[in-house]
Amino acid sequence: MPRYDFKRIEPKWQAYWKQNETFKVESFEPGREKLYALDMFPYPSGSGLHVGHPEGYTATDIVCRYSRNQGKQVLHPMGWDAFGLPAEEYAIKTQTHPAVTTYKNIDEFRRQLQMLGFSYDWSREFATTDEDYYRWTQWIFLELFDTWYDAACEWTGPDGKQRTGRGRPISELPIPDNVQADGEEAVRRYQDSKRLAYQHEAPVNWCPALGTVLANEEIINGKSERGDHPVERFPLRQWMLRITSYADRLINELDDLNWSESIKDMQRNWIGRSTGAEVDFFVGDAAEFESWKTWRSEAGFSDDPGDDVLRVYTTRPDTLFGATYMVIAPEHSFVEKLTTPEQKAAVSAYVKQSSLKSDLDRTDLAKDKSGVFTGSYAINPVNGEKVPVWIADYVLVSYGTGAIMAVPAHDERDWEFAVKFDIPIVTVVSPANAEDGTRRRKDAKEAEAAEPLSDLAASREPTEVFSGKGVAVNSGKYDGIPTDEFKAKIAAELEAAGLGSEAVNFKLRDWLFSRQRYWGEPFPIWHELDADGNETGLMRVDAADELPVVLPEMEKFKPTGTPEPMLSTAPESWLFKTTEDGTKLKRETNTMPQWAGSCWYYLRFADPKNSDCFLDPEVEKNWLPVDLYVGGAEHAVLHLLYARFWHKVLFDRGHVSTCEPFHKLVNQGMILGEADSETGKAEKMSKSRGNVINPDDVVKDYGADALRLYEMFMGPLEQVKPWSMKGVEGVYRFLARVWRMITDEDADEIRLHPSVQEAELNEDQERVVHKTIKAVTEDIEKLSFNTAISRMMEFTNEFSPQAVRPKSAMETLTILLSPFAPHMAEELWQLLGHDNTLTFEPWPTFDESKIAEAEVEIPVQVNGKLKAKVKVPAGADNATIEEAAKQNSTVAGNLEGKTIVKVVVVPGRLVNFVVKG
RNA sequence: GGCCGAGUGGCGGAAUUGGCAGACGCACGGGACUUAAAAUCCCGAGACCUGAAUGGGUCGUGCGGGUUCGAGUCCCGCCUCGGCUACCA
């Protein structure tokens with residue numbers, strides 16, 4: 001009668017765990033192995049949990065529950081990434097305070113997660129919007145503000161590793177004498193210019209529809225990632241974080257992490273390190289070129305190139321002789337200076353046009369090169385030749401120096417531009433002895449078109465772009481030198497002549513860290529005002545004990561409609577104050593981006609209630625770093641890069657003892673909607689497609705254990721896979737089979753099945769038990785949960801039909817199953833006669849010797865084709881196996897009349913006869 | 001265009017260092033139980049050819065080559081799909 005009744009069992013055990021605080025970790029026990037397993041905490045959206053959430057959450061939960069059975073102390077927390085746009089958009093629509101909706105949504109998310117039986121320590125829960133939490137987010141911001149990056153500093157961290165480059169307190173920043181001489185204000189401004197958190201007037205991505213400025217990362221194809229709205233460029237004073245200072249360490253320190261190589265690659269590509277050289281092209285009066293060169297050879301290459309020099313960045317200084325023109329970005333500061341009167345109209349038209357281009361236009365037109373000639377020429381430092389300077393938007397002002405030397409023969413973009421604008425193309429690298437170069441065939445037509453345009457010697461006219469390595473040609477005395485050697489040689493010579501210098505560049509830009517919205521952390525920053533109420537550019541900070549700077553209560557949440565932050569309409573009492581010395585101050589009105597809260601939440605979980613500091617150093621040493629971090633791949637670059645950056649700053653400043661926050665990272669694959677029955681194709685789940693699966697419905701019909709089990713059984717954790725309700729039914733049937741194997745469904749009350757008896761295991765049963773323990777244990781270690789489940793299914797298939805099912809075997813299975821289906825496991829454990837939760841029961845161990853079978857079946861091949869299988873005693877020697885194989889009638893038939901050339905015997909595996917004739 | 005990953009039955013997916021391809025599950029077919037259905041239990045099953053037969057044979061892991069006694073797995077060249085990125089000099 002009592003069937004598998006998850007509706008009774010699941011709430012019962014959830015209540016038990018809650019009441020007994022089963023998963024609460026109070027204090028750290030030194031000497032006991034620890035596991036800190038973390039899920040990427042969710043944004044509590046109004047639509048509730050979707051089935052993608054429990055995928056990663058179940059995976060970490062299995063590891064946590066397994067680890068508790070292994071005797072480890074386990075930290076497994078959950079919280080809410082709760083600042084952000086949707087709550088605010090909803091607030092604008094409904095005039096409800098974002099906090100109201102946020103905390104309502106959190107309640108719903110918490111209910112759903114508890115319904116799934118995750119073993120979180122709920123006593124550590126917090127939201128990034130809690131004042132107790134964002135107080136410390138602001139505090140960390142002040143640390144960033146108080147830090148400058150000393151790139152030359154050599155030091156050894158608490159991890160014992162030696163590094164170059166360290167974030168240090170601003171008080172330790174050396175002040176140059178000339179700055180010191182200019183007085184206190186000059187010193188303050190100098191310090192401000194070196195801080196990791198600094199202000200910068202820059203064209204930002206202004207999204208009128210969202211009423212906010214967005215980071216580059218939040219823009220996809222020129223439109224906002226959220227809402228798909230168009231984005232314009234607009235100059236504004238913004239907060240930036242100097243993440244580029246940490247670019248090298250963010251790349252190098254990836255090496256020791258247990259992350260998939262593909263995620264590491266994504267981060268490396270995003271950071272985009274390249275090495276090359278900066279080279280100065282003289283743009284002053286041509287008659288003064290030689291004297292400039294002489295001066296430079298004495299003065300050397302300096303950070304400030306001066307007004308008469310166009311500085312470029314190139315990864316291929318070996319192609320300097322092929323530079324037939326130069327390009328500066330439309331926003332380059334030299335545009336005006338280099339434009340001749342005749343070109344003025346054309347240039348200003350072009351500059352204006354490209355400033356209006358949105359990022360979307362620039363992307364769309366990526367292949368179609370445009371540009372305009374300035375009328376000016378620069379002088380190539382290596383050969384004294386005059387090269388025209390162009391303006392084109394294919395050169396980005398924000399990368400390198402915003403100016404390039406163009407080598408059309410060896411760069412595809414330059415090639416396209418040169419062909420379009422009739423500019424000479426000179427080959428300076430010959431692929432003849434190419435080391436690893438690749439030839440790229442260009443369209444024959446294009447090549448033809450290029451030819452008559454060139455007035456250079458025929459031998460120099462290429463018909464295709466060659467961007468690989470080779471040997472130098474048409475490069476004067478350097479002819480014949482291989483690319484790499486040439487690069488090093490010319491860089492050194494330029495350096496010596498004061499004309500260039502080796503340089504490194506990154507695609508990574510400094511992080512635009514301010515938003516104009518309400519629902520974010522306020523900055524703990526004040527701007528000094530002059531007598532007229534204008535900002536002087538000098539700043540003060542809130543002291544640590546004045547934090548948090550709480551968001552002001554506001555009536556309306558509508559964005560201002562301009563790039564002006566929402567908080568500029570906050571009450572005056574919040575916005576202004578006067579210091580004791582009489583200085584008037586105005587609050588910073590930007591708020592922090594949503595990333596801020598998620599940059600350090602993993603630290604706070606270790607010490608969530610601490611009101612004296614963001615994290616006690618002792619606690620930090622005990623629990624950090626995170627041993628296992630699971631979440632979606634959409635955070636492969638942004639969140640994971642930002643969090644690593646903050647962590648490194650905290651590391652440099654002595655607040656954390658490891659240089660990396662997340663030791664092992666796993667990205668769960670997306671769960672797609674149910675596959676179409678006709679096409680067999682599965683699509684992303686989305687409201688508009690109507691294929692969203694709600695975990696509540698699944699739990700209602702099949703229970704939380706079935707949902708958990710199904711999500712793990714679908715396939716490898718990291719793989720993208722389609723949902724299947726039939727599949728849920730399948731694992732549900734498995735759970736019901738386990739239930740019937742152990743309990744007596746025919747009885748009126750709940751009791752053990754009569755076949756479950758105190759009995760010794762026979763040899764076969766013992767083998768199945770030990771095989772299953774081994775397989776499940778190893779599979780969990782590998783996070784290969786789908787195969788672990790199939791092993792338990794095999795176990796059940798094996799034991800279910802047996803008339804005597806030894807209790808010990810049933811207990812073993814119950815524990816093995818408990819990380820996956822904890823509710824049912826607890827219920828069965830109780831039925832098997834135990835009073836306590838099985839949470840801390842020792843994990844079963846296996847004995848390899850009990851797995852071995854007495855006889856093994858060995859496949860026999862003839863010429864690599866399977867012909868038969870023979871049984872031999874386990875551990876039989878090669879001769880015995882070979883003899884047994886020959887005895888087999890089918891094999892004998894195949895060998896008859898043929899010569900055995902060779903016999904391959906792999907003990908315990910197979911026999912292969914190689915025959916002729 | 002660049003970087004990364006993946007292609008295995010009708011479907012999701014298994015397969016130590018190269019060693020029985022298709023575990024486990026879904027769907028399907030047959031049977032038992034039932035007045036019937038559901039549920040449950042048992043049996044079958046990669047495709048094709050062939051035999052009276054318990055059987056025998058051929059093909060088979062995206063395509064084409066290669067290495068090897070032996071390739072889903074390794075090497076070379078392609079194709080397709082997915083993710084990230086996108087004028088980064």
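The distance from atom CE of M266(A) to atom P of rG82(B) is 16 Å, rounded to the nearest whole Å. Between R791(A) atom CZ and rG13(B) atom P there is a gap of 19 Å when expressed in whole angstrom units. Put simply, CZ on F734(A) is 19 Å from P on rA39(B), counting in whole angstrom units. The CE atom of M725(A) sits 14 Å away from the C1' atom of rC26(B) (whole-angstrom rounding). E711(A) places its CD atom 18 Å from the P atom of rG12(B), with the value rounded to the nearest Å. Atom CZ of F506(A) and atom P of rU85(B) are 20 Å apart (whole Å). rC87(B) atom P lies 9 Å from atom NZ of K369(A), rounded to whole Å. Between the CG atom of L866(A) and the P atom of rG18(B) there is a distance of 21 Å, rounded to whole Å.
Atom name P, nucleotides rU61(B) and rA52(B): the rounded distance is 31 Å, in whole Å. Nucleotides rA27(B) and rG10(B), compared at atom C1', are 8 Å apart to the nearest Å. If you take atom P in rA32(B) and the same atom in rA38(B), they sit 14 Å apart, rounded to whole Å. Rounded to a whole angstrom, the distance from the P atom of rC24(B) to that of rA14(B) is 14 Å. Taking the C1' atom of each, rG29(B) and rG9(B) are spaced 16 Å apart, rounded to whole Å. Of the C1' atoms belonging to rU17(B) and rG12(B), the separation is 29 Å, rounded to the nearest Å. Comparing the P positions of rG46(B) and rC11(B) gives an interatomic distance of 14 Å, to the nearest angstrom. The gap from the C1' atom of rC81(B) to that of rC87(B) amounts to 27 Å, rounded to the nearest Å.
Within the cation-pi definition used here (under 6.0 Å to the ring centroid, within 45° of the axis), K369(A) does not qualify as a partner of F417(A).
Looking at heavy-atom distances under 4.0 Å, T315(A) makes contact with sugar-phosphate atoms alone, never a base. Nucleic acid contact for G400(A): none, since no nucleic acid atom lies under 4.0 Å from a heavy atom of the residue. Within the nucleic acid shown, V327(A) has no heavy atom closer than 4.0 Å to any nucleic acid atom.
In this structure rG60(B) sits in the anti conformation; its chi angle is more than 90° from 0.
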For this session: Map every base of RNA chain B to its dot-bracket character, where paired means a Watson-Crick or G-U wobble contact with both distances under 3.5 Å and | marks a partner outside the strand.
Result: (((((((..(((......[....))).(((((.......))))).(((((....)))))..(((((..]....))))))))))))....
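Closest contact between the side chain of E794(A) and the listed nucleotides rA89(B), rA23(B), rC20(B) involves rA23(B). You'll find that the side chain of K867(A) is closest to rG57(B), out of rA15(B), rG57(B), rG19(B). The side chain of D393(A) approaches rC87(B) more closely than any other nucleotide in the set rG25(B), rA23(B), rC87(B). Listed candidates were rC4(B), rA89(B), rG57(B). Nearest to the side chain of L396(A) is rA89(B). Ranking rA89(B), rG13(B), rU85(B) by closeness to the W270(A) side chain, first place goes to rU85(B).
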For this session: Under the side chain to side chain donor-acceptor pair (under 3.5 Å) rule, what do S398(A) and R509(A) come out as? Steps first, then yes or no, please.
Result: CA-CA 8 Å; S398(A) 50; R509(A) 308 291 151 81; 2.8 Å; yes
Exercise. Ring pair (Phe, Tyr, Trp, His ring centres under 6.0 Å) between Y732(A) and Y4(A): does it pass, once the steps are laid out?
Worked result: CA-CA 10 Å; Y732(A) 172 80; Y4(A) 167 43; 5.8 Å; yes
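Side chain of E278(A) to main chain of Y313(A): no donor-acceptor pair is present (N/O by atom type, distance under 3.5 Å, no hydrogens or angles).
The base of rU16(B) sits within donor-acceptor range of the side chain of R909(A), with an N or O pair under 3.5 Å. With hydrogens and angles left out, the side chain of K726(A) and the base of rC11(B) share no donor-acceptor pair within 3.5 Å.
For the pair R733(A) and rC26(B), the criterion of a side-chain N or O lying under 4.0 Å from OP1 or OP2 is met. In this model, the phosphate group of rA89(B) is approached by a side-chain N or O of S274(A) to a distance below 4.0 Å at OP1 or OP2. Within the 4.0 Å cut-off from OP1 or OP2 of rG25(B), at least one side-chain nitrogen or oxygen of N797(A) is found. Here K865(A) reaches the OP1 or OP2 of rC59(B): one of its side-chain N or O atoms lies under 4.0 Å away.
Nearest-nucleotide mapping onto RNA chain B: of E857(A) and P716(A), the residue sitting toward the 5' end is P716(A). Along RNA chain B, the nucleotide nearest T401(A) and the nucleotide nearest Q719(A) are compared for position; the residue whose nucleotide lies closer to the 5' end is Q719(A).
Using a 4.5 Å heavy-atom cutoff, the side chains of M405(A) and Y325(A) are not in contact. Between L672(A) and W723(A) the shortest side-chain heavy-atom distance does not fall below 4.5 Å. Between D701(A) and M725(A) the shortest side-chain heavy-atom distance does not fall below 4.5 Å. At least one side-chain heavy atom of F820(A) sits less than 4.5 Å from a side-chain heavy atom of I780(A). At a threshold of 4.5 Å between non-hydrogen side-chain atoms, the residues F913(A) and K867(A) do not count as touching.
Ring planes of F466(A) and H410(A): perpendicular class, angle over 60° (limits at 30 and 60°).
L735(A) approaches A821(A) most closely through the heavy-atom pair CD2-CB, 3.9 Å.
Separating the CD1 atom in I328(A) from the CD1 atom in I391(A) is a distance of 4.5 Å, to the nearest 0.5 Å. Rounding to the nearest 0.5 angstrom, the gap separating the CD1 atom in I243(A) from the CG atom in L512(A) is 12.5 Å.
R311(A) and D280(A) are joined by a salt bridge, as a carboxylate oxygen and a charged side-chain nitrogen come within less than 4.0 angstrom of each other.
A heavy atom closer than 4.0 Å to some atom of RNA chain B occurs in N786(A), these being the qualifying members of residues 773-786 of chain A.
Side-chain atoms of R273(A) and N505(A) include no donor-acceptor pair closer than 3.5 Å.
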Can you tabulate the close N/O pairs, meaning under 3.5 Å, that link protein atoms to atoms of nucleotides 68-70 of chain B?
{"residue": "rC69(B)", "atom": "O2'", "partner": "N912(A)", "partner atom": "ND2", "Å": "3.3"}
{"residue": "rC69(B)", "atom": "O2", "partner": "N912(A)", "partner atom": "ND2", "Å": "2.5"}

